[in-house]
Amino acid sequence: MEESAATGEAVQPVLRRKAEELGAHLGESGGAVLLDVLERYGFEPGREERAVVLGNWPFHALARDHTETVCGMNLHLLRGVLRGLGECGYTATLAPGPGRCCVLLEPAA
């Protein structure tokens with residue numbers, strides 16, 4: 001919000017950029033294995049066929065009232081984690097489902 005106010009850039013692009021930067025940092029400093037990083041930061045990763053689903057996400061309570069903003073931020077955070085890990089085997093996509101995070105990590109095509 002502060003950067004948005006200081007630069008005049010809209011809040012959404014700033015939030016998404018900052019989320020991706022943070023995710024990249026977490027991936028770079030969190031270890032070399034995707035599931036370990038996700039577990040370390042409380043996402044409770046699991047598998048659905050070849051995809052990685054997240055049973056928990058840090059922003060769950062906020063997502064109920066601010067779904068578009070929070071899910072977009074989470075998508076960019078996880079894209080950053082993938083980038084920070086150098087993980088080319090997965091792609092982060094929005095795919096809300098009951099009882100899990102709105103972001104799904106699917107095998108890259």
Side-chain angles (χ1 to χ4, degrees):
M1 298 287 244
E2 292 172 8
E3 183 174 327
S4 176
T7 64
E9 186 177 0
V11 171
Q12 292 291 342
V14 171
L15 178 63
R16 290 176 178 167
R17 184 177 65 251
K18 291 297 188 181
E20 191 158 340
E21 289 171 4
L22 174 61
H25 176 73
L26 296 177
E28 290 166 354
S29 64
V33 179
L34 174 61
L35 295 179
D36 291 343
V37 173
L38 295 172
E39 187 69 38
R40 181 176 296 124
Y41 292 103
F43 283 95
E44 297 178 7
R47 295 274 185 181
E48 270 184 19
E49 298 180 19
R50 294 180 32 209
V52 175
V53 296
L54 306 170
N56 184 44
W57 55 107
F59 316 108
H60 176 74
L62 284 173
R64 280 183 258 161
D65 295 330
H66 308 283
T67 305
E68 184 177 332
T69 298
V70 174
C71 289
M73 179 187 66
N74 204 32
L75 172 66
H76 287 273
L77 176 76
L78 291 165
R79 284 180 176 169
V81 167
L82 294 174
R83 183 168 49 92
L85 287 169
E87 179 68 55
C88 59
Y90 289 93
T91 303
T93 59
L94 284 176
R100 65 175 171 84
C101 177
C102 56
V103 177
L104 184 65
L105 302 176
E106 299 179 289

Checklist entry - Side-chain contact, heavy-atom cut-off 4.5 Å: Asn74 with Phe43? => result yes
Checklist entry - Can you name the nearest heavy-atom pair linking Leu26 to Val37, along with the distance? => result O-CG1, 4.2 Å
Item to check | Min side-chain heavy-atom separation Leu38-Leu105 under 4.5 Å | outcome: yes
Item to check | Separation between NE2 of His25 and CD of Glu28, rounded to the nearest 0.5 Å | outcome: 8.0 Å
Item to check | Euclidean distance, His76 NE2 relative to Arg83 CZ, rounded to 0.5 Å | outcome: 11.5 Å
Checklist outcome for this item: Quick note, salt bridge (charged side-chain N to carboxylate O under 4.0 Å, His left out) partners involving residues 71-81, not counting sequence neighbours, are none
Checklist entry - Does Arg47 CZ have over 12 foreign heavy atoms under 6.0 Å away? => result yes
Next on the checklist: Regarding Glu20 and Arg17, does a basic nitrogen lie under 4.0 Å from an acidic carboxylate oxygen?
Outcome noted: no
Checklist entry - In terms of hydrophobic clusters joined by side-chain contacts under 4.5 Å, are Val103 and Val53 together? => result no
Next on the checklist: Is the shortest side-chain heavy-atom distance between Cys71 and Leu94 below 4.5 Å?
Outcome noted: yes
Checklist entry - Honestly curious: do Leu54 and Leu22 fall in one hydrophobic cluster under the side-chain, below-4.5 Å linking rule? => result yes
Next on the checklist: Testing the 3.5 Å rule here: is there a donor-acceptor pair between the side chains of Glu106 and Thr93?
Outcome noted: yes
Next on the checklist: To check you understand the geometry: which heavy-atom pair defines the closest contact between Pro45 and Val52, and what is its length?
Outcome noted: CB-CG1, 4.0 Å
Next on the checklist: To the nearest 0.5 Å, what is the distance between CG on Leu104 and CG on Leu75?
Outcome noted: 11.0 Å
Checklist entry - Taking atom CG of Leu34 and atom OH of Tyr90, what is their separation to the nearest 0.5 Å? => result 6.5 Å
Item to check | Residue pair Arg100 / Glu44, side-chain heavy-atom distance below 4.5 Å | outcome: no
Checklist entry - Can you name the nearest heavy-atom pair linking Leu82 to Ala92, along with the distance? => result CD1-N, 3.7 Å
